[in-house]
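Below, chains carry the letters A, B, ... as their sequence lines are ordered, and counting in each starts from 1.
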Protein chains: 2
Amino acid sequence: MALSFFDYVERINSLLRSWQRDDAELSMVPAVQLSALRYLSICNHYSDTVMGVTDYLGLTKGTVSQSLKALEERQWIYKEPDLQDKRIVHLKPTAAGLAVVQQLVAVQVLQQAVQQLGPELEQQLTGALHQLLSHVQRQEQRKSFGLCKSCRFHQQQDGLPFCGLTQQPLPVTSTQLICREHQDPA
Amino acid sequence: MALSFFDYVERINSLLRSWQRDDAELSMVPAVQLSALRYLSICNHYSDTVMGVTDYLGLTKGTVSQSLKALEERQWIYKEPDLQDKRIVHLKPTAAGLAVVQQLVAVQVLQQAVQQLGPELEQQLTGALHQLLSHVQRQEQRKSFGLCKSCRFHQQQDGLPFCGLTQQPLPVTSTQLICREHQDPA
DNA sequence: TTCATAATGTATCGACTCGATACTTAATTC
DNA sequence: GAATTAAGTATCGAGTCGATACATTATGAA
């Protein structure tokens, strides 16, 4: 009997915790806040809301609302009311917030370790993970949070990216970000 | 730019959280307690202590001591003092505790999804993860928590398993479990 | 042997997370 | 226009978590 995939995930999680605790600057920052901050740095303009973070992190909106409030007090994000829907607030990382994301030790160490695998193994690893999540999402009816450009609603109109779900043109930068409405092509 | 390995890990973590919260019976049980319980169900007799759990989960011993106390109150584990070292207490899952471990939805869903990948992809995935953790462990001087039988101290003596580190014979069942003293072969 | 040091584990405290509940405001539907 | 739905906030209690202090037992050196 060998270690299961679940065991590896648990092990990696423990390592992530350890790295964060050993980080002199960020050890006092709750892990959820950093996860939310990182999400906000890689999600598109349809997804940078309280509910977006809520779905992504798998928590309740009350909990998330509090963590985001803390992030705002740290001045790592700021809020911007939506122009169309007055219920919605967009959450955007500040320059300081982005700097924090880029200094996350966990991301750096993992990235370095992945690179040591070499391009083939890295390809196999992320490919298998992608497929795995795809299966899970299909079976469980969960959101996939995939890249905008890999979405079944992603289109081109007059040479510019366009979202077939919202029927709106897309900022070019959005297509490289993840979206809470993402659906794999059939 | 595609999703990074870190992104996949974060995504899987969110799913794990969601599954646990949706679990009718276990949603009230803190995730740390379940992680500790599962660890105790797959670790050998050198590792089933407060410090073993502490190292594995990447927390402090005070925190872990509390969670284990809660597990004991649920009667999912029981304590057994060490015969040689009177400071040490061994933590063993009860029958009820083992039943809980085997009903963890997260483990089941992930296992099912991995199986859908097929044997080759599964092999690639776990192989890459194993190598990845190996690199990380070497660079960061962290514990690897690998399988007893894959340890550089694992030996045979009179046809029976033997630990070269503790200089003690090993129960046959231990060799299939993970150990906090595990070291990869040079 | 004896005394200092280290290791395992527990107890307590305060800051914080997290889910549950209740609530406000705004959009949508009928 | 009323009912319903959705986004977000506020508050509360149980529990996590790190820090600190402490008790007990091992270990190692003088």
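- The interatomic distance linking A:L68 (CG) with C:dT17 (P) rounds to 11 Å, in whole Å.
- As judged by a 4.0 angstrom heavy-atom cut-off over every strand, A:T49 is placed among residues touching the sugar-phosphate backbone only.
- Considering only the side chain of A:T63, C:dG19 comes nearest among C:dG19, D:dC17, C:dG9.
- Looking at B:Q20 and B:S27, their side chains never bring a donor and an acceptor atom within 3.5 Å of each other.
- Under the 3.5 Å distance criterion, the side-chain polar atoms of A:T63 are left unmatched by any main-chain donor or acceptor of A:L59.
- Counting only heavy atoms from C-beta on, A:Q33 has its side chain closest to C:dT17 among C:dT17, C:dA26, C:dC18.
- Remark: C1' of C:dG9 and CD of B:E80 are 17 Å apart, rounded to the nearest angstrom.
- Counting to the nearest Å, the P atom of D:dG15 and the CG atom of B:L26 are 15 Å from each other.
- For the pair B:D55 and B:R142, the salt-bridge criterion is not met [side-chain N within less than 4.0 Å of a carboxylate O].
- Atom P of nucleotide D:dT9 and atom CD of A:E73 are separated by 12 Å, given to the nearest angstrom.
- When the C1' atom of C:dG9 is taken as reference, atom NZ of B:K61 falls 6 Å away, rounded to whole Å.
- Take the nearest nucleotide of DNA chain D for A:R17 and for A:M51: the residue whose nucleotide is more 5' is A:M51.
- Between D:dC17, C:dT10, D:dG8, one nucleotide has an atom nearer to the side chain of B:V32 than all others, and that is D:dC17.
- Map A:K86 and A:T60 each onto its nearest nucleotide of DNA chain C; the residue landing nearer the 5' end is A:T60.
- You'll find that the side chain of A:I88 is closest to D:dG8, out of C:dG9, D:dC17, D:dG8.
- A donor N or O paired with an acceptor N or O is not found under 3.5 Å between the base of C:dA27 and the side-chain atoms of A:R87.
- Checking the phosphate oxygens (OP1, OP2) of C:dT12, no side-chain nitrogen or oxygen of B:K69 falls inside 4.0 Å.
- For C:dG9, the base has no donor-acceptor partner in the side chain of B:S65 [N/O atoms by modelled type, under 3.5 angstrom].
- By the 4.0 Å N-to-carboxylate-O rule, B:R87 lies too far from B:D82 to be salt-bridged with it.
- The CG-P distance, from A:L71 to C:dC16, rounds to 13 Å in whole Å.
- The nearest whole Å value for the distance from the CG atom in A:L59 to the P atom in D:dG8 is 15 Å.
- Here C:dT25 presents its P atom at 16 Å from CG of A:D85, a figure rounded to the nearest Å.
- Each of A:P30 and B:M28 lies near DNA chain C, and the nucleotide nearest A:P30 is the one positioned closer to the 5' end.
- Counting heavy atoms of neighbouring residues, nucleotides and ligands inside a 6.0 Å radius, atom NZ of B:K79 exceeds 12 of them.
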